[in-house]
There are 2 protein chains.
Amino acid sequence: MGNKKNLLNEKLKEKGLKFTNQRKDIYDFFLKNQDKHMSAEEILSEIEKGNSEIGLATIYRTLQLFTDTGIIVKHDFDDGRSRYELKTDNDVHNHHHLICQVCGKIIEVNMDLMDELEKEIEDEYDFEITNHIVKLYGHCKDCKK
Amino acid sequence: MGNKKNLLNEKLKEKGLKFTNQRKDIYDFFLKNQDKHMSAEEILSEIEKGNSEIGLATIYRTLQLFTDTGIIVKHDFDDGRSRYELKTDNDVHNHHHLICQVCGKIIEVNMDLMDELEKEIEDEYDFEITNHIVKLYGHCKDCKK
DNA sequence: GTCAATGCAAACGCTTTGCACCTTG
DNA sequence: CAAGGTGCAAAGCGTTTGCATTGAC
């Protein structure tokens with residue numbers, strides 16, 4: 001994982017920002033939980049289960065920083081809090097999510113859905129699309145019955 | 001507009017709910033602003049510009065009721081407050097929105113984007129899709145330059 | 001040593017809720 | 001007149017911010 005930590009260090013240096021323990025801890029946390037979508041509170045309590053002390057305000061400030069830097073992605077799954085996920089290299093556009101309306105499970109969709117449609121829409125509406133968010137609601141295989 | 005008001009009355013009766021002045025005013029307001037996406041505060045202040053007095057809590061409670069009843073649709077355009085819009089008859093699935101990242105304009109998209117893709121995804125992920133939300137971010141024709 | 005980062009607590013902004021009063025059916 | 005609806009003010013809740021202190025470079 002050493003090389004990945006250096007990656008954080010580099011991104012921070014690029015912007016003249018400091019490499020602090022808190023930022024390292026939060027980044028490590030995302031590396032260890034790449035499949036999850038965690039809220040600020042969840043991140044805080046998980047990190048505190050480890051060894052480190054950290055303030056909630058710092059969590060929020062760091063999440064904002066990482067989001068702006070493109071290290072993580074912020075999601076809204078309609079549960080009243082923002083959720084965050086490490087941005088992977090092959091996320092050119094963001095991937096999409098299936099949201100189970102019964103159990104709340106979030107399933108990632110990596111098919112690229114929208115390329116064709118975006119072109120159609122750009123022509124039809126004279127609008128230049130830079131990003132899109134697709135959320136698909138329904139019932140997952142366990143909850144279908 | 002009389003027949004449309006009766007429509008509200010009917011929907012309320014179905015559920016054993018009362019037809020009050022406040023509910024009528026809010027419904028009328030949506031009928032008069034079918035193209036807009038209004039927040040609770042905006043609805044309140046517009047209604048108060050008319051003649052009627054109404055409390056903000058009532059606005060919220062009514063918006064929730066209308067949303068549950070399928071009279072209106074609740075949207076999130078990432079500006080920290082929910083926005084509401086009358087649900088039109090041809091909204092089988094919700095329509096979608098282009099969001100200009102420069103001027104904030106919201107443009108409605110009525111192309112049905114997702115029918116094909118939904119089928120693909122349902123097979124691929126064994127997930128039964130009941131609804132979807134698509135938000136497309138970018139630059140509108142006025143802001144493209 | 002300087003400037004950014006942190007932690008705490010207070011503030012914020014939207015939304016929800018408890019409760020006494022009012023209105024619809 | 002009974003049950004639901006309203007208005008007010010207070011509370012809730014996630015998130016942000018001011019400020020004094022701490023820590024990285």
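Labels below follow one simple rule: chain letters A, B, ... track the order of the sequence lines, proteins then strands, and each chain is numbered from 1.
Contact annotation: B/Arg23 reaches the phosphate of D/dG5 (side-chain N/O to OP1 or OP2, under 4.0 Å). Under 4.0 angstrom from either OP1 or OP2 of C/dT15 there lies at least one side-chain N or O belonging to B/Ser82. A close approach under 4.0 Å does not occur between any side-chain nitrogen or oxygen of A/Gln22 and OP1 or OP2 of D/dG23. Put simply, B/Thr20 has no side-chain N or O that comes within less than 4.0 Å of OP1 or OP2 on D/dG4. Close to D/dT15, at under 4.0 Å from its OP1 or OP2, lies a side-chain N or O of A/Tyr60. A sub-4.0 Å separation between OP1 or OP2 of C/dG7 and a side-chain N or O of A/Thr58 is present.
Rounding to whole angstrom units, CG of residue A/Leu65 and C1' of C/dT6 are separated by 13 Å. B/Leu44 has its CG atom 10 Å from the P atom of D/dC8, to the nearest Å. At whole-Å resolution of the value, CG in B/Asp78 and P in D/dT15 are 13 Å apart. Taking atom CD1 of residue A/Ile59 and atom P of nucleotide C/dG7, one finds them 9 Å apart after rounding to whole Å. One atom, NZ of B/Lys18, and another, P of D/dT6, lie 10 Å apart when rounded to the nearest Å. Residue A/Asp76 contributes atom CG, which lies 12 Å from atom C1' of D/dG14 at whole-angstrom precision. Rounding to whole angstrom units, CD of residue B/Glu53 and P of D/dC8 are separated by 8 Å. Remark: P of C/dT15 and CG of A/Asp79 are 16 Å apart, rounded to the nearest angstrom.
With distances taken from any side-chain atom of B/Gln64 to the nucleotides C/dG7, C/dT16, D/dA24, the minimum falls on C/dT16. Taking only side-chain atoms of B/Arg61, from C-beta outward, the nucleotide of C/dT24, C/dC8, D/dG7 with the closest atom is D/dG7. Side-chain atoms of B/Ile54 lie closest to D/dG7 of the nucleotides D/dG7, D/dT15, C/dT6. Among the nucleotides C/dG25, D/dT15, D/dG7, the one closest to the side chain of B/Phe19 is C/dG25. In this structure, of D/dA24, D/dG5, D/dT15, it is D/dT15 that holds the atom nearest to the side chain of A/Arg81.
Comparing B/Lys74 and B/Asn21 against DNA chain C, the residue whose closest nucleotide sits nearer the 5' end is B/Lys74. For the pair A/Leu56 and B/Thr62, nearest-nucleotide mapping onto DNA chain D gives the more 5' position to B/Thr62.
Judged purely by atom type and a 3.5 angstrom limit, B/Arg23 uses its side chain to pair as donor or acceptor with the backbone of B/Lys18.
For A/His97 and A/Phe77, the gap between ring centers is short of 6.0 Å.
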* Stepwise, does the salt bridge (charged side-chain N to carboxylate O under 4.0 Å, His left out) test hold for B/Glu42 with B/Arg83? -> CA-CA 9 Å; B/Glu42 286 168 354; B/Arg83 296 183 168 277; 3.1 Å; yes
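Both B/Phe66 and B/Leu56 belong to a common hydrophobic cluster when Ile, Leu, Val, Met, Phe, Trp and Tyr are linked at side-chain heavy-atom distances under 4.5 angstrom.
Ring geometry for A/His96 versus A/His132: interplanar angle of 30 to 60°, hence tilted. The aromatic rings of B/His75 and B/His95 sit tilted relative to each other, their planes meeting at an angle between 30° and 60°.
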